[in-house]
Amino acid sequence: MILERNNLFNVTQLEIQLRNSPLQDRIQDLKQLTYLYMLRRAAIKEIGTKLENLDDEFSIIHQHNPIHLIEERIKSPASLFEKLQRKNLDFTIESINKNILDIAGIRVITNYLDDIFRVVQVLIDQDDVKLIKRKDYINHPKANGYRSVHIVVSVPVFLSNNTHKDVPVEIQIRTVGMEMWSSLEHKLRYKNFHSKDTANQHAAKLKEYSQKLYDIEVGMQQISKDIEKN
Ligand code: GTP
Ligand code: MG
């Protein structure tokens, strides 16, 4: 199942949003930016379809769906603006193309731990998919306990003149348990507690729970494998 996080997928709407965003005064050619967004949106659809097809095939061969949910989102013009500013990057199409690889974002929520690595591998093994960046926060969790695998891949998008462009998509892949954890951690991060102690206690608990959830997911994976064998 694919869930679209916002409805920026309509080009006309996108143009209106870009025109009303702070980017308007900073980027000279808004039409080029609309084109860039159109390509990123197309790349999301290409990867989304690949993931759905893989999940379908897998369920026939192994009687198991590795993917629980796919979420797609396009970075809003406002947060693109914020990111360019934060990273002190040029407000040009060239700079966005080169530096901002997460305008197209997909989150894949898998049922089990092994599914994460399976999905990543079969996707990047496809002839037309190129791996650009990979971060494994599962074998190397962040200090706060965050776990997930992040990859940036490029996929060809074919154009009306019969050429193609390789367009980047950022994919975050995590289990249901990791997704639950990171939503709560995200909430905690953007909440201002009156007491610093309370915030620290919550953060410490979350770190502990990250490990516990991981242990539970390893255990459940074992049970699932055993069921499949019998
Ligand atoms: P950016 O250029 O800011 O995107 O940095 P990056 O690409 O080096 O960051 P990274 O790949 O580590 O993280 C990108 C995204 O992963 C974030 O926008 C979040 O959605 C998610 N993420 C990373 N770290 C955390 C974390 O500690 N907690 C939660 N809840 N999400 C995280
Ligand atoms: Mg990123």
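Both counts, for ligands and for their atoms, begin at 1 and track the order of listing.
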Problem set entry | salt_bridge(K205, E208) N-O dist < 4.0 Å | yes
For this session: May I ask you to say whether R118 pairs ionically with D115, meaning some side-chain N is under 4.0 Å from a carboxylate O?
Result: yes
Show which atoms of ligand 1 fall inside a sub-4.0 Å distance from at least one heavy-atom site of [X].
{"X": "N144", "answer": "26 (C), 27 (O)"}
{"X": "D102", "answer": "4 (O)"}
{"X": "Y137", "answer": "10 (P), 12 (O)"}

Exercise. Less than 3.5 Å between some nitrogen or oxygen of S182 and one of ligand 1, yes or no?
Worked result: yes
For this session: Please confirm whether R174 comes within less than 3.5 Å of ligand 1 when only nitrogen or oxygen atoms on both sides are compared.
Result: no
For this session: Just go through K187, H186, K87, H150 and tell me whose heavy atom is the nearest to atom 11 (O) of ligand 1.
Result: H150
Exercise. Relative to atom 23 (C) of ligand 1, which among R189, R147, E185, K142 owns the nearest non-hydrogen atom?
Worked result: K142
Exercise. Are any non-hydrogen side-chain atoms of F117 and I138 less than 4.5 angstrom apart?
Worked result: yes
Exercise. With a 4.5 Å limit on heavy-atom distance, are the side chains of K50 and V155 in contact?
Worked result: yes
For this session: Examine the proximity of ligand 1 to R86 and report which part, side chain or backbone, both or neither, has a heavy atom under 4.0 Å away.
Result: side chain
For this session: Count the heavy atoms of every other residue, nucleotide or ligand shown that sit under 6.0 Å from CG of D127, and state whether that count exceeds 12.
Result: no
For this session: Report yes or no: do Q121 and D125 form a side-chain donor-acceptor pair below 3.5 Å?
Result: yes
